Amino acid sequence: EMQVVESGGGLVQAGGSLRLSCVAYGFNFDDYDIGWFRQAPGKEREEVACISRRTGTTYYGESVKGRFTISNDNAKNTVYLQMNSLKPEDTAVYYCAATLEPVSAIHPDADDYDYWGRGTQVTVSS
């Protein structure tokens, strides 16, 4: 079994915070670079953050820069997305994905990602 599972979504008021978790099963997350994607109703999927596991460099979409932080805990085979100062526009299903293709920027080709979680819903109320 090779699987990634997201958790931590929920309902939060604007200005609040959530921390999403992504846990890998059946493989070592530290062999992969990781991206967080989201898809809001009626909108295209977008990558909001990714991390190079080789260099530790992180990348963020302009809409979340300064508010979101991606990090990892190799001992727990887990990657996190800390989301602060949430806005209603952040409402979406958030997905974690892993790729063997080294990341070097935001907005990579989603087809490069090998494993995807099924998503966790984040809803931000006004």
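Residue numbers count from 1 along this sequence. Computed from heavy atoms alone, side chains included, the values below leave out hydrogens, waters and symmetry copies. Keep in mind it's a predicted model, so treat the numbers as computed, not measured.
- Summarising the geometry of G117 relative to Y95, their closest heavy-atom pair is O-CD2, 3.6 Å, with the distance given to 0.1 Å.
- S71 and R19 form no side-chain donor-acceptor contact under 3.5 Å, judged by distance and modelled atom types alone.
- When atom types are taken as modelled, the side chain of R38 and the backbone of V93 share no donor-acceptor pair closer than 3.5 angstrom.
- Side-chain atoms of D33 come within 3.5 Å of backbone atoms of R53 as a donor-acceptor pair (strictly under, hydrogens ignored).
- Proximity of N72 to T78: side-chain heavy atoms (C-beta onward) are nowhere separated by under 4.5 Å.
- Between Y94 and F68, the two ring planes are tilted [angle within 30° to 60°].
- A side-chain donor from one of N84 and S17 sits under 3.5 Å from a side-chain acceptor of the other.
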* To do: Before giving the answer on side-chain contact (heavy atoms from CB on, under 4.5 Å), spell out for K87 and V124 the whole-Å C-alpha distance, their side-chain angles and the decisive distance to 0.1 Å.
  => CA-CA 6 Å; K87 305 175 181 179; V124 184; 5.5 Å; no
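- Both V48 and V12 sit in one connected hydrophobic cluster of ILVMFWY residues. Membership requires side-chain heavy atoms under 4.5 Å apart, directly or through other members.
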* **From CA spacing to verdict: side-chain contact (heavy atoms from CB on, under 4.5 Å), Y25, V4** => CA-CA 6 Å; Y25 300 93; V4 295; over 6 Å; no
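- Minimum interatomic distance between L100 and R54 (heavy atoms only, all atoms of both residues): O-NH2, 3.7 Å.
- A donor-acceptor contact shorter than 3.5 Å links the side chain of D73 to the backbone of A75.
- When all heavy atoms of G8 and L18 are compared, the closest pair comes out as O-CD2, 3.9 Å.
- Although no hydrogens or angles enter the test, the distance criterion places a donor-acceptor pair under 3.5 Å between the side chain of T120 and the main chain of G9.
- In this structure, the side-chain contact (heavy atoms from CB on, under 4.5 Å) partners of E47, at least two apart in sequence or on a different chain, are F37, C50, I106, P108, Y113.
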* Where do V122 and M83 land on the side-chain contact (heavy atoms from CB on, under 4.5 Å) test, with the steps shown first? -> CA-CA 10 Å; V122 172; M83 305 185 295; 3.8 Å; yes
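- Ion pairing between E6 and R118 fails under the 4.0 Å rule for side-chain N and carboxylate O.
- To the nearest 0.5 Å, atoms CG (L11) and CD (Q121) are separated by 9.5 Å.
- Between atom CD1 of residue I51 and atom CG of residue L81 there is a gap of 11.0 Å, rounded to the nearest 0.5 Å.
- Checked by atom type and distance alone, the side chain of N77 pairs as donor or acceptor with a backbone atom of F29 at under 3.5 Å.
- Between Y115 and T99, the closest side-chain pair of non-hydrogen atoms is not below 4.5 Å.
- Using a 4.5 Å cut-off on side-chain heavy atoms (C-beta onward), T69 and Y60 make contact.
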